[in-house]
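Structure record follows, encoded as structure tokens.
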Amino acid sequence: MTQVRTRFAPSPTGYLHVGGARTALFNWLFARHYGGEFVLRVEDTDAARNTDEAVQAIFDGLRWLELDWDAGPGKDDGRGPYFQSQRTDLYERQLDLLMKADRAYVDDGGAVRFRVPDEPVTVSDKICGSRTVNLKEEGSTCYDPETRQNVAVNPDFVIRRADGSFLFHFVNVVDDIAMAITHVIRGGDHLANTPKHVALFEALGSPIPEFAHIPLILNKNGSKMSKRDEGASMDTYIRDGFLPSAVRNYLSLLGWSPKDDREKMPIEDIIALFDYDHLNHANAKFDMEKCQWLNSQYLADLDAGAFVKLARDWMASTGEQGWLQENSATVDAALRVMRPKIKHLPEIRDHWPRFFVDDGIDLEAAAKVAADPSAKLQLDVVLRHLAIVEHWNEDAITEALDAAAEELGIKKGKFMFGLRVLATGAAQGTDLLPTLAVVGSERMLHRLGRRLAEIFP
RNA sequence: GUCCUUGUAGUGUAGUGGCCUAUCACAUCUGACUUUCUAUCAGAAAACCGGAGUUCGAUUCUCCGCUAGGACGCCA
């Protein structure tokens, strides 16, 4: 087999979509599996829609996922440049060839059209199977959404606009040839374009690469993912402090399966197993909860110090000032207590006030505490015992609570919920004892008294 | 409208012409543990889209239907 070359060929018209990132990932995995090369090519032929920010988003997303390209922007292997906007000379030459062979012509509007062959074109797709169509016949009608009818059109499709700029189908194929792409793995939305591409490959006298059209990624409800949908844009993962390895792992499971029961897998194992026969045909629905769960699994692999550093980096990246006003050692200690509960870093926002905000109570939680007629008395006793703790740490607090329980003649569990609500203002949260310890004696005692008075005026 | 693709629990999936009263995981519910919990551990509930056909036998193969998605641009 000749050297495997795959490519990711995004157009920089917006943000990097998870579907695009997943396409990049699959191409990368395939190349790595076969010891081939992964090429990044930026398809910026539509000047009106392309932006520099979008180019940056593509680079950022791929780098963040650690999908390194062997050839592409910043890494020319002699087949570049890798921006299509810089390759017009090549397109001109190839177009000349087609014109000379009478495979293309200028139409009445001044655009150049490819003369589609009036004979069957066979596309063989590694996932969707093979299909033969006659482009001349099939392309001769077009659906008009307004009249909701098919209207006759010229089956010869435009490959160059009247203004001289080139179109996707043409440049895509020319570049795949010039860049020696052997395997085209792309979203299933391109499947219907493929006969056109095959015809172009043939017209340009090139061998046809292997095609594999992978299923699309949809929302959990089956609708198409648009920018505002949760998880649709790669920058949200970066911004929310996901671990790249976790997201990469999750994305690899969307439309592909190792065929055993593993889900959390090191990238080396995924590379080793990745191949066509493990790819699915059906569209995948995106499940953010599972993505977060996988993230939590990767988070759990971190030691406490690494977690704290990660959390702190994320907090700094938010630019929020509130994080900075608390004692640094206390924050670190609090983060360690939060760690087992955190699936993804933004949840720190939920836990933060339970450590660092002294007033306010969740109304429902307060009502629940107030509903127990004996709660006031119990909590009074608990607070009295806590007030005399000398060395404020988990063990000492435990002793004080034991003593309070003994004095009251009840089990600790009876008042723990109330204590939680007083201490954190919330009904659920982190382990209570470490939370009490982390906040510190003076501050915690003050807070407990204050909230107790609030619940039982 | 035409063409294409798809269909296993809510979600991602495994699997097979009879070992399928169908795998694993997330989510859900329950219990246990613990002082609490959104942690942990244990358990439960939950699916082969429908109809014909082929077959001794179909979730598995074929056809039809339906569902969902895609394509049909001087977008990519």
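- Of all nucleotides listed (B:C72, B:A27, B:A76), B:A76 comes nearest to the side chain of A:Leu167.
- Rounded to whole Å, atom P of B:C4 lies 20 Å from atom NE2 of A:His190.
- Look at NE2 on A:His278: it is 14 Å from P on B:U13, rounded to the nearest Å.
- As rounded to whole Å, 9 Å separates atom P of B:U35 from atom CG of A:Asp402.
- Among A:Lys126, A:Arg186, A:His190, A:His281, the one residue that satisfies the side-chain hydrogen bond (donor to acceptor under 3.5 Å, both in side chains) test with A:His213 is A:Arg186.
- Atom pair A:Leu422:CG and B:U35:C1' shows a separation of 15 Å (rounding to whole Å applied).
- Judged by the 6.0 Å and 45° rule, A:Lys264 forms a cation-pi pair with A:Tyr298.
- Heavy atoms of A:Gly109 sit under 4.0 angstrom from at least one base atom.
- Residue A:Asp163 is out of contact with every strand shown, counting any heavy-atom pair closer than 4.0 Å.
- Candidate nucleotides B:A76, B:G10, B:C74 were compared by shortest atom distance to the side chain of A:Asp287, and B:G10 ranks first.
- Here A:Gly188 lies in heavy-atom contact (under 4.0 Å) with sugar-phosphate atoms only.
- Rounded to whole angstrom, the span from the NZ atom of A:Lys290 across to the C1' atom of B:A27 amounts to 9 Å.
- Closest to the side chain of A:Arg49, out of B:A76, B:C72, B:G69, is B:A76.
- Relative to the six-membered ring of A:Phe157, A:Lys196 meets both conditions, a distance below 6.0 Å and an angle of at most 45° to the axis.
- When all heavy atoms of A:Ala21 and A:Leu67 are compared, the pair lying nearest together is O-CD1, 4.3 Å.
- At a threshold of 4.0 angstrom between heavy atoms, the contacts of A:Arg339 with the nucleic acid are absent.
- Both distances falling under 3.5 Å, in either a Watson-Crick or a G-U wobble arrangement, place B:U30 opposite B:A42.
- Across all strands, A:Ala282 comes closer than 4.0 Å only to sugar-phosphate atoms, never to a base (heavy-atom distances).
- When distances are taken from the side chain of A:Arg131 to each of B:A71, B:C3, B:G12, the shortest belongs to B:C3.
- The side chain of A:Met416 approaches B:U35 more closely than any other nucleotide in the set B:C75, B:C74, B:U35.
- Residues A:Asp269 and A:Arg262 are paired through a salt bridge, judged by an N-O separation under 4.0 Å between the basic side chain and the carboxylate.
- Phosphate contact (OP1/OP2 of B:A76, side-chain N/O of A:Thr45, threshold under 4.0 Å): present.
- Checked against B:U23, B:G12, B:U35, the side chain of A:Glu263 finds its nearest nucleotide in B:G12.
- Of the side-chain N and O atoms in A:Lys259, one or more sit less than 4.0 angstrom from OP1 or OP2 of B:G15.
- Tested against A:Arg447, the residues A:Val357, A:Val439, A:Leu452, A:Leu436 include a single side chain to side chain contact (heavy atoms under 4.5 Å, CB included) partner, A:Val439.
- Listed pair A:His281 / B:U6 meets the phosphate criterion, a side-chain N or O lying under 4.0 Å from OP1 or OP2.
- Under a 4.0 Å N-O distance rule, the pair A:Arg87/A:Glu43 does not qualify as a salt bridge.
- Considering only side-chain N and O atoms, A:Arg161 lies under 4.0 angstrom from the phosphate OP1 or OP2 of B:C75.
- Nucleic acid contact class of A:Leu433 (heavy atoms, under 4.0 Å, all strands): base.
- Rounded to whole angstrom, the span from the CG atom of A:Asn283 across to the P atom of B:C4 amounts to 17 Å.
- Within the 4.0 angstrom heavy-atom criterion, base atoms lie near A:Asn150.
- The nucleotide whose nearest atom lies closest to any side-chain atom of A:Leu218 is, among B:C74, B:G69, B:C3, B:G69.
- Counting non-hydrogen atoms under 4.0 angstrom, A:Glu289 reaches the backbone sugars and phosphates but no base.
- Among the protein residues, A:Phe417 comes within range of no part of the nucleic acid, since none of its heavy atoms lies under 4.0 Å from any strand.
- Applying the 4.0 Å criterion to OP1 and OP2 of B:A14, one finds that A:Asn280 has a side-chain N or O inside that range.
- Atom CG of A:Leu254 is separated from atom P of B:G69 by 17 Å (rounded to the nearest Å).
- The separation between A:Asn295 atom CG and B:U38 atom P is 21 Å, rounded to whole Å.
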